[in-house]
Amino acid sequence: MKEKQKQEEHIIDHLQNEMGSGTTDPEFQHWIDSASENKKNFSKYVKIWEGIDILAERKKYKPENAWEQVNYQIVKQTRIASRFKIIFLYGAAATLLILLGFSFYFNWFAPDTEPLKLTTELGSRSKVVLPDGTSVMLNAGSELIYQFDRRKRTRNVQFSGEGYFEVEKNKAPFIVRMQEGLRLTVLGTKFNLSAYPDDAVIKTTLTEGKVELHDSKTELLVLTPGQTGSFDKNSGKLYYSAEEPRYNLSWMEKKLYMDNMSLKNVARILERWYDVEITFAGENIGENIHYTGVLQEKSIFDVFKALNEISKIDYTINGRNITVSQKNKLPMN
Amino acid sequence: MTKTDEILLSRIKQDDYSSFNLLFFKHYASLCSFVTTIVADSTNAEDIVQDLFIKLWSDRKKIVVYKNTKHYLFRAAKNSALNFLRTEKNRKKAINRLEDADFPQETEDLTQEDFLQKLENCIDQLPERSKEVLLLSRFEKLKHKEIAERLDISIKTIKNQLWKSLKYLKSCLEVKSAF
């Protein structure tokens with residue numbers, strides 16, 4: 001055993017000093033030849049060592065720098081393509097133009113830029129920058145489609161999920177459309193928007209500038225920094241809600257502020273954040289148990305450990321399925 | 001956690017630029033090193049791979065992948081590299097440098113690629129200290145003495161750490177049936 005240990009350790013010296021499968025050390029060679037297993041293992045180590053060298057060599061290719069090039073070329077090409085189409089259509093539609101006038105043509109034929117779609121999976125968040133310079137931090141399970149409308153000169157975003165927007169100032173209005181015909185119009189501001197299809201309320205919290213929240217009819221809310229505007233999907237009403245702005249922004253630090261939040265609502269948020277499925281064993285647990293406090297845990301395991309400590313729930317975790325039940329009441333004696 | 005290339009590609013076909021970005025970051029370096037083996041020049045190889053991705057995005061609607069995405073990327077890269085060599089001047093330059101080496105076989109290269117990807121995953125899973133030593137030694141190419149000074153440990157410890165890493169990598173790769 002001692003002997004084996006000693007010879008095996010030679011492998012590392014060998015790999016560092018003489019590459020390849022041969023060796024000049026007779027003792028070591030003897031060890032390799034003495035058993036087919038030694039030989040097999042040795043060749044595996046050589047393969048690993050060479051593989052590491054190849055990976056190390058690859059570090060010289062920097063995808064970050066290359067991506068800038070590629071991104072730049074693609075953005076440039078998209079612009080050229082759009083321009084080309086305008087010129088082409090201009091010729092084709094010349095006779096029409098004489099009759100109908102340039103503005104009509106421009107309205108109907110000017111192509112938009114290509115839509116850009118950005119999504120985040122459940123359990124992940126990411127920061128993205130849109131072509132106009134606007135940056136958006138996307139929370140788990142969100143989808144954003146950006147398109148510049150040349151005809152109306154507006155920046156259009158179709159959005160579901162949650163995101164913190166830092167909108168680049170620009171003459172073209174930035175319009176975010178959500179479910180239920182709700183839309184948010186801004187020029188250059190910072191705001192948080194939470195609009196998950198499975199939430200009962202859509203809400204936006206402004207941190208800087210000014211936004212307008214419109215419903216599908218004519219109602220609208222004008223928000224100033226620190227204010228939160230909400231839309232209740234059940235009643236169809238828009239209203240200012242009294243909320244602590246930083247609670248609504250805390251998801252960016254993966255903190256969950258709970259202000260008398262029902263277990264059901266907590267579970268829905270955890271499902272998105274950690275990509276798990278939570279089911280309740282027993283009636284009305286989700287509605288009956290409420291929490292107030294802050295949750296900031298590394299993993300879903302830690303989250304449930306914490307919830308278990310502060311409330312009357314038990315839980316079992318099975319892969320990504322989590323079942324929550326009421327803690328068994330101990331008989332009083 | 002890691003999305004398969006197939007999912008990424010299907011999202012790319014639906015105009016998802018962030019999936020395109022992910023695919024790019026995932027394969028850029030390996031495609032560059034593959035193309036370098038054909039054109040014998042890493043600057044040219046980078047240009048070829050960048051053009052390939054630009055084309056991939058502009059033709060995204062037309063792409064049909066029968067087998068798997070990685071095969072597709074490597075084949076496309078190989079074709080671009082060979083096209084590049086069709087220019088007489090480039091060919092001469094490459095031949096001079098490669099001498100009589102054969103062009104790599106795609107299948108061979110893909111097996112190698114699979115192995116390297118698994119190896120990379122295994123390296124990621126190494127215990128923090130072992131990984132640090134391995135990266136300094138093999139990636140930064142520091143001498144044992146320099147590592148010893150930087151981490152304030154003995155040369156013997158470094159050797160032990162490297163050996164531990166190697167053993168770990170071997171069993172990790174065996175689990176992933178990489179050999």
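Chain A is the first sequence line, chain B the second, and so forth, proteins listed ahead of strands; every chain is numbered from 1. Only a predicted model underlies this, so the values are computations on that prediction, with no experimental measurement involved. Note that these values count all heavy atoms, side chains included, but never hydrogens, waters or copies made by symmetry.
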| query | Between Leu119(B) and Ile52(A), which heavy-atom pair has the shortest distance, and what is it? | reply | CD2-N, 3.6 Å

| task | Establish, for the pair Lys59(A) and Phe139(B), whether the NZ or CZ atom is under 6.0 angstrom from the six-membered ring centre and no further than 45 degrees off its axis. | result | no

| message | Just so I know, are the side chains of Leu116(B) and Ile54(A) near enough to count as touching, which here means a heavy-atom distance under 4.5 Å? | response | yes

| field | Proximal component of Leu135(B), with respect to chain A [non-hydrogen, under 4.5 Å] | value | neither

| Would you say the side chain of Lys40(A) lies within less than 4.5 Å of the side chain of Phe179(B), judging by non-hydrogen atoms? | no

| said: Take a 6.0 Å sphere around CZ of Arg320(A) and say whether it holds more than 12 heavy atoms from other residues, nucleotides or ligands. | reply: yes

| message | Would you call the rings of Trp67(A) and Tyr17(B) parallel, tilted or perpendicular, taking 30° and 60° as the class edges? | response | tilted

| task | Return the option, out of Ala56(A), Pro63(A), Ser43(A), Ser126(A), with the maximum number of heavy-atom pairs under 4.5 Å with chain B. | result | Pro63(A)

| field | NZ/NE/NH1/NH2 to OD/OE distance under 4.0 Å, Glu174(B) and Lys47(A) | value | no

| query | Taking everything shown except Lys164(B) itself, do over 12 heavy atoms lie less than 6.0 Å from its NZ? | reply | no

| Straight-line distance of Leu169(B) CG to Trp49(A) CH2, nearest 0.5 Å | 10.0 Å

| When rounded to the nearest 0.5 angstrom, what distance separates CG in Asp16(B) from CD in Glu143(A)? | 8.5 Å

| request: Name the member of Val49(B), Leu162(B), Leu134(B) that forms the most heavy-atom pairs with chain A at distances under 4.5 Å. | output: Leu162(B)

| field | Residue Glu57(A) versus chain B: region with a heavy atom under 4.5 Å | value | neither

| message | Using heavy-atom distances under 4.5 Å, tell me whether Asp275(A) contacts chain B through its side chain, its backbone, both, or neither. | response | neither

| Under a 4.5 Å heavy-atom cut-off, does chain B meet the side chain of Leu118(A), its backbone, both or neither? | both

| message | At a 4.5 Å cut-off on heavy atoms, which part of Val128(A) comes close to chain B: side chain, backbone, both, or neither? | response | neither

| task | Grab the two heavy atoms, one from Ala29(B) and one from Tyr61(A), that are nearest each other, plus how far apart they are. | result | O-CD1, 3.8 Å

| Closest non-hydrogen atom pair between Ala66(A) and Gln50(B), with its separation | CB-NE2, 3.4 Å

| request: Hey, could you give me the CD1/NZ distance between Ile11(A) and Lys167(B), rounded to the nearest 0.5 Å? | output: 9.5 Å

| Where does Asp51(B) contact chain A at under 4.5 Å (heavy atoms): side chain, backbone, both or neither? | neither

| query | Looking at CG of Leu55(A) and CZ of Arg138(B), how far apart are the two atoms once the value is rounded to the nearest 0.5 Å? | reply | 12.0 Å

| said: Pair Asp53(A), Lys141(B) - check side-chain contact (heavy atoms from CB on, under 4.5 Å), show working. | reply: CA-CA 10 Å; Asp53(A) 276 348; Lys141(B) 304 278 183 215; 3.2 Å; yes

| task | Give a yes or no on whether Lys176(B) atom NZ has more than 12 heavy-atom contacts from other residues, nucleotides or ligands under 6.0 Å away. | result | yes

| message | More than 12 heavy atoms of other residues, nucleotides or ligands under 6.0 Å from NZ of Lys143(B): yes or no? | response | no

| Proximal component of Ser30(B), with respect to chain A [non-hydrogen, under 4.5 Å] | both

| query | Atom CD1 of Ile48(A) and atom NZ of Lys170(B): how far apart are they, to the nearest 0.5 Å? | reply | 7.5 Å

| NZ/Lys152(A): more than 12 non-hydrogen atoms of other groups inside 6.0 Å | no

| request: Test Asn71(A) against Asn21(B) for side-chain contact (heavy atoms from CB on, under 4.5 Å), laying out the working first. | output: CA-CA 9 Å; Asn71(A) 184 46; Asn21(B) 173 284; over 6 Å; no

| query | Does Arg58(A) pair with Glu113(B) as a salt bridge, N-O distance under 4.0 Å? | reply | yes

| field | Residue selection (most heavy-atom pairs with chain A, distance under 4.5 Å) from Phe53(B), Phe25(B), Phe20(B) | value | Phe25(B)

| task | Evaluate whether atom CG of Asp152(B) has more than 12 neighbouring non-hydrogen atoms of other residues, nucleotides or ligands under 6.0 angstrom away. | result | no

